[in-house]
Asks: 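The structure is given below, and queries will be raised subsequently.
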Amino acid sequence: MADVYDKVMELAKRRGFVWPSSEIYGSVAGLIDYGPLGAMMKRKIENLWRDYYVAREGYFEIECPTVGEEAIYIASGHVKGFADKMVQCPHCKEYHRADHVCEAHNIEHAETKTLGELTEILRNLPCPACGKTFDGAEAHYFNLMFHTTIGPGSQRTGYLRPETAQGIFTDFGRLLRFYRDKLPFGTVQIGKSYRNEISPRQGMIRLREFTQAEAEIFVHPQHKEHPNFGRYADRVVPLRGIKQQENDEEPVAITIGEAVKSGIVANEYVGYYIALTHDFLIACGADPARIRFRQHLPDERAHYATDCWDAEVLSARFGWVEVVGIADRTDYDLKAHAAQSGDSFTAFIPYDEEKKVREMKIVADMGALGPKFKGKAKAVAELLAASKPTENGAEIVLDGEKILIPPELYKVREQETVIRGEEVRPHVIEPSYGIDRILYSVLEHAFDEEDVDGETRTVLRISKKIAPVQVAVLPLMSRDGLDTVALELMAEIQDEGLIAQYDDSGAIGRRYRRQDEIGTPFAVTVDYDTKEDNTVTLRERDSMKQIRIPKDHLAETLRQLIRGKVAFENL
RNA sequence: GCACCGAUGGUCUAGUGGCAUGACUUUGGCCUUCCAAGCCAAUAGCCCGGGUUCAAUUCCCGGUCGGUGCACCA
């Protein structure tokens, strides 16, 4: 069954987009190599992403290690949440959560038991699937994080990061200062993340090492209005909300402004990035008819997220594939890191107007309290501050003992305190992109075969913004000086910062086909007229149309074509 | 991780207990004045480990990778 997937992967392998990793030693499932064209294309997708998030949104990029110490992932919940105690039934081979099986048989606190204890208990318990006992089976941990040790002596436990986000969260304090203590601000990271999948299949869709591009945008919890919401408010996006999924309906095409106003999308930030993602995926060359946004159902949503949408792209082989997740993660992560680290993970937000609060303050006379209460003096002073004194003195309870502190041991002052603002723990809006999946989706959507004069023409109609090779330079004949002129042009084009490929092998038609197959958007051909009038042929991949342009303008024209500043048909 | 199926030049593939097919691609040459033309030549392959055998790419066992189903996938 040669479906599009087979054809795309065959082409990807043959032409140097994607290869199985360490193929000569047998490869490892879930690990891939990007070949020369794949690596170039991936870099261009990442750079296009930077255009959107770094250049246009103003979110600076940081780079954190892929290896992180244990504390990070204890705080994030990955050490616990990503590790289940599993047991496999020796009879029917079914997998079960070891603690769940125990708890179903009234074993209390099974979750906290060790693997040995669980194995011991399970020995006499029946498998929920087949009814036979687990005798002979051993409970084992199952954590999807790659584990390692940092430094000699295996002293420190480390993990390969399962997402790039945690690096941004742990740098929160530094980032807040970098952005001069103001909300909102955003930070992005593009890099590798790791998940030790049990059974990674589906080619490039499910990898053990994959590239994420994530933005973490820190916003005031009460102000989730995006400052540039107007830019995307009128953009129509296919949304498949909870309602459509429950009624098994098609996505609704609706403006993002309307979606936010009607409450389908939780807030402007989430809506804004849904629209931006729509824009970005189409700019990469994904087919608009095969993109939709699906809202997470309440029961699949992570417990901390208030709203979460996946950008899904339709694949002929895999169905709708999640390529981007856009979540409002609330303050879950910052709260978790605050608890683990002791730092506050808050921003000080000044009020528009200072608040003045009049209050009674009870100030202890430490000179008198000290000798009287000795080591307990400090505790007494603190209790005094919170007490409500009467004329006879203030009654406090110290270690269960009621003590009356006479008025001469403290002073009561009425005092005005100025409150200039408050500490606010931001909420996090997180658009998270799976670059590998996007690259595959674009390849699949761009793959096209058409019949030209009885021959099959294979052409990758990828966006000229992410095509690995941008221009092919072809001498019609590799003689009569045509090759010399072509090589000169080649150098000029490369000087312009474009990626060009020179090809003088075989008939001209064959060379066009070669370039079509790797998605090169433009080809320049030097022919005999070039020597007469200094013009060259410029051919466009998608239409196969050709025009002649003066070779002096070539490099500049190409640059404008590729940046989308001018259209081929207007030349 | 389980079950079933598969693995042969770069790609697709034929086939076999004893010299391993063909096509396409690629490279060089001839030819060729714009869309995979033709001719000549060259390069290049039986997934890995063990077993059976005089001899294994072929048969057997184990593994790896890929596909499918199950399980897993905050």
Side-chain angles (χ1 to χ4, degrees), chain A residues 1-3 5-7 9-16 19-32 35 73 76-84 86-97 129 140 142-145 162-163 195-203 205-206 208 296 299-305 308 317 322 325 327 329 332-333 450 452-459 472 474-480 482 503 505-517 523-532 536-541 543-546 548:
Chain A
M1 58 153 194
D3 62 9
Y5 172 82
D6 289 320
K7 290 180 178 181
M9 290 314 286
E10 188 268 313
L11 187 152
K13 245 196 273 186
R14 190 163 40 78
R15 299 306 306 270
W19 295 318
S21 196
S22 61
E23 210 176 356
I24 57 162
Y25 294 115
S27 305
V28 180
L31 299 180
I32 56 166
Y73 301 107
S76 70
H78 287 95
V79 169
K80 206 172 161 197
F82 233 31
D84 293 339
M86 306 273 293
V87 66
Q88 186 184 22
C89 171
H91 309 287
C92 69
K93 311 294 183 194
E94 199 80 13
Y95 268 100
H96 302 279
R97 279 279 295 272
H140 56 276
F142 199 76
N143 192 306
L144 291 192
M145 282 196 293
E163 58 175 6
R195 284 176 163 203
N196 201 0
E197 299 283 354
I198 307 168
S199 177
R201 267 182 278 181
Q202 309 178 310
I205 301 297
R206 194 94 160 267
R208 288 191 166 121
H296 279 204
D299 60 338
E300 71 178 304
R301 203 157 59 206
H303 57 282
Y304 48 82
C308 188
R317 169 77 67 102
E322 175 199 341
R329 291 177 75 138
Y332 175 84
D333 302 277
E450 60 177 16
V452 177
D453 300 329
E455 297 272 3
T456 303
R457 172 178 179 244
T458 303
V459 49
L474 320 168
L476 188 61
M477 296 293 143
S478 54
R479 62 176 189 224
D480 302 327
L482 298 187
D503 187 356
S505 169
I508 188 69
R510 172 182 296 278
R511 285 180 270 161
Y512 284 143
R513 291 293 186 272
R514 268 190 206 126
Q515 295 298 330
D516 288 340
E517 201 179 45
V524 174
T525 307
V526 173
D527 60 16
Y528 287 92
D529 289 349
T530 308
K531 293 170 79 175
E532 306 290 320
V536 292
T537 303
L538 182 60
R539 171 197 187 257
E540 188 196 35
R541 175 196 70 203
S543 62
M544 292 200 287
K545 287 204 174 108
Q546 303 184 332
R548 292 201 74 88

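We name chains A, B, ... by the order of the sequence lines, and we start the count at 1 in each one.
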Asks: Round to the nearest Å and state the distance from A:I24 atom CD1 to B:G45 atom C1'.
Replies: 16 Å
Asks: For A:E10, check side chain to side chain donor-acceptor pair (under 3.5 Å) against everything at least two apart and list the hits.
Replies: A:R14
Asks: Could you report the tightest heavy-atom contact between A:Y5 and A:G203, atom names first, then the distance?
Replies: OH-CA, 3.4 Å
Asks: For B:G17 and B:G51, measure between their C1' atoms and round to the nearest Å.
Replies: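 That atom pair is separated by 15 Å.
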Asks: P atom, B:U8 versus B:G67: distance in rounded Å?
Replies: 14 Å
Asks: Which parts of nucleotides 22-34 of chain B does protein reach within less than 4.0 Å, heavy atoms only, written one letter per nucleotide 5' to 3' as B for base, S for sugar-phosphate only and - for none?
Replies: ---SSS----BBB
Asks: Between the base of B:C35 and the side chain of A:R541, is there any donor-acceptor pair under 3.5 Å?
Replies: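 Between B:C35 and A:R541, which were checked side chain against base, a qualifying N/O pair under 3.5 Å is absent.
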Asks: Rounded off to whole Å, could you give me the CD1-to-C1' distance for the A:I205 and B:C73 pair?
Replies: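 My rounded result for the distance is 14 Å.
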Asks: Using atom P of each nucleotide, how far apart are B:C12 and B:A20 to the nearest Å?
Replies: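 22 Å, rounded to whole Å.
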Asks: By salt bridge (Lys or Arg N to Asp or Glu O under 4.0 Å), which residues pair with A:E163, not counting sequence neighbours?
Replies: A:R329
Asks: side-chain hydrogen bond (donor to acceptor under 3.5 Å, both in side chains): which pairs involve residues 19-32 of chain A, sequence neighbours left out?
Replies: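 The answer is A:S21-A:D33.
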Asks: A:M544 vs A:V459, test: side chain to side chain contact (heavy atoms under 4.5 Å, CB included). Steps then yes/no.
Replies: CA-CA 11 Å; A:M544 292 200 287; A:V459 49; over 6 Å; no
Asks: Write down the distance separating the P atoms in B:C61 and B:C5, rounded off to the nearest Å.
Replies: 11 Å
Asks: Could you tell me which residues satisfy side chain to side chain donor-acceptor pair (under 3.5 Å) with A:D529, sequence neighbours excluded, listed by chain and number?
Replies: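 If we apply the side chain to side chain donor-acceptor pair (under 3.5 Å) test to A:D529, skipping adjacent residues, there are no hits.
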Asks: Consider the side chain of A:R317, meaning its heavy atoms from C-beta on, and name the nucleotide among B:C35, B:C12, B:G67 that approaches it most closely.
Replies: B:G67
Asks: Can you check the distance between B:U25 and B:A42, where both ends of the measurement are the C1' atom (answer in whole Å)?
Replies: 14 Å
Asks: When rounded to the nearest Å, what value does the distance between C1' atoms of B:G9 and B:C24 take?
Replies: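 The answer is 12 Å between these two C1' atoms.
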Asks: Treat a base pair as Watson-Crick or G-U wobble with both distances under 3.5 Å, then lay out RNA chain B in dot-bracket form, 5' to 3', with | for cross-strand pairs.
Replies: (((((((..(((.....[...))).(((((.......)))))....(((((..]....))))))))))))....
Asks: Can you list everything that forms a salt bridge (Lys or Arg N to Asp or Glu O under 4.0 Å) with A:R457? Sequence neighbours excluded, please.
Replies: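 With neighbours one apart ignored, the set is A:E450, A:D516.
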Asks: P atom, B:A44 versus B:G22: distance in rounded Å?
Replies: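 My reading of the P atoms in B:A44 and B:G22 gives 16 Å.
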Asks: If you find the nucleotide of RNA chain B closest to A:R457 and the one closest to A:P162, which residue's nucleotide is nearer the 5' end?
Replies: A:R457
Asks: Please give, in whole Å, the distance from B:U68 P to A:D3 CG?
Replies: 9 Å
Asks: Using the C1' atom as the point on both nucleotides, what is the distance between B:A37 and B:C31, in whole Å?
Replies: 11 Å
Asks: With 3.5 Å as the limit, what N/O pairs link the protein to nucleotides 63-66 of chain B?
Replies:
{"unit_1": "B:U64", "atom_1": "O2'", "unit_2": "A:G26", "atom_2": "O", "d": "2.8"}
{"unit_1": "B:U64", "atom_1": "O2'", "unit_2": "A:S27", "atom_2": "O", "d": "3.4"}
{"unit_1": "B:C65", "atom_1": "OP1", "unit_2": "A:A29", "atom_2": "N", "d": "3.0"}
{"unit_1": "B:C65", "atom_1": "O4'", "unit_2": "A:G26", "atom_2": "O", "d": "3.2"}

Asks: What do you reckon, is NZ of A:K545 surrounded by more than 12 foreign heavy atoms closer than 6.0 Å?
Replies: no
Asks: Going by side chain to side chain donor-acceptor pair (under 3.5 Å), name the residues that satisfy it together with A:R208, two or more places apart in sequence or in a different chain.
Replies: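 Result, side chain to side chain donor-acceptor pair (under 3.5 Å) vs A:R208: A:N196.
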Asks: List the residues meeting side chain to side chain donor-acceptor pair (under 3.5 Å) with A:R548, not counting sequence neighbours, and say none if there are none.
Replies: A:D527, A:T535, A:T537
Asks: B:C19: syn or anti, with syn meaning chi within 90° of zero?
Replies: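 The base of B:C19 is oriented syn (glycosidic angle within 90° of 0).
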Asks: How long is the gap from CG on A:D6 to CZ on A:R317, to the nearest 0.5 Å?
Replies: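 Between A:D6 CG and A:R317 CZ, I get 4.5 Å after rounding to 0.5 Å.
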Asks: To the nearest angstrom, how far is A:R511 atom CZ from B:A37 atom C1'?
Replies: 14 Å
Asks: How many Å lie between CG on A:D516 and P on B:A36, as a whole number?
Replies: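 Whole-Å distance recorded here is 11 Å.
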Asks: What is the distance from CD of A:E10 to C1' of B:G10, rounded to the nearest Å?
Replies: 10 Å
Asks: In whole angstrom, what separates A:R513's CZ from B:C35's P?
Replies: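 Rounded to the whole Å, the gap is 9 Å.
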Asks: Quick one: list whatever passes side chain to side chain contact (heavy atoms under 4.5 Å, CB included) with A:R514, sequence neighbours left out.
Replies: A:R15, A:D503, A:S505, A:R510, A:R511
Asks: With sequence neighbours excluded, what pairs up with A:A523 under the side chain to side chain contact (heavy atoms under 4.5 Å, CB included) test?
Replies: A:A472, A:L474, A:Y512, A:R539
Asks: Write down the distance between CG (A:N143) and P (B:C72), rounded to a whole number of angstrom.
Replies: 17 Å
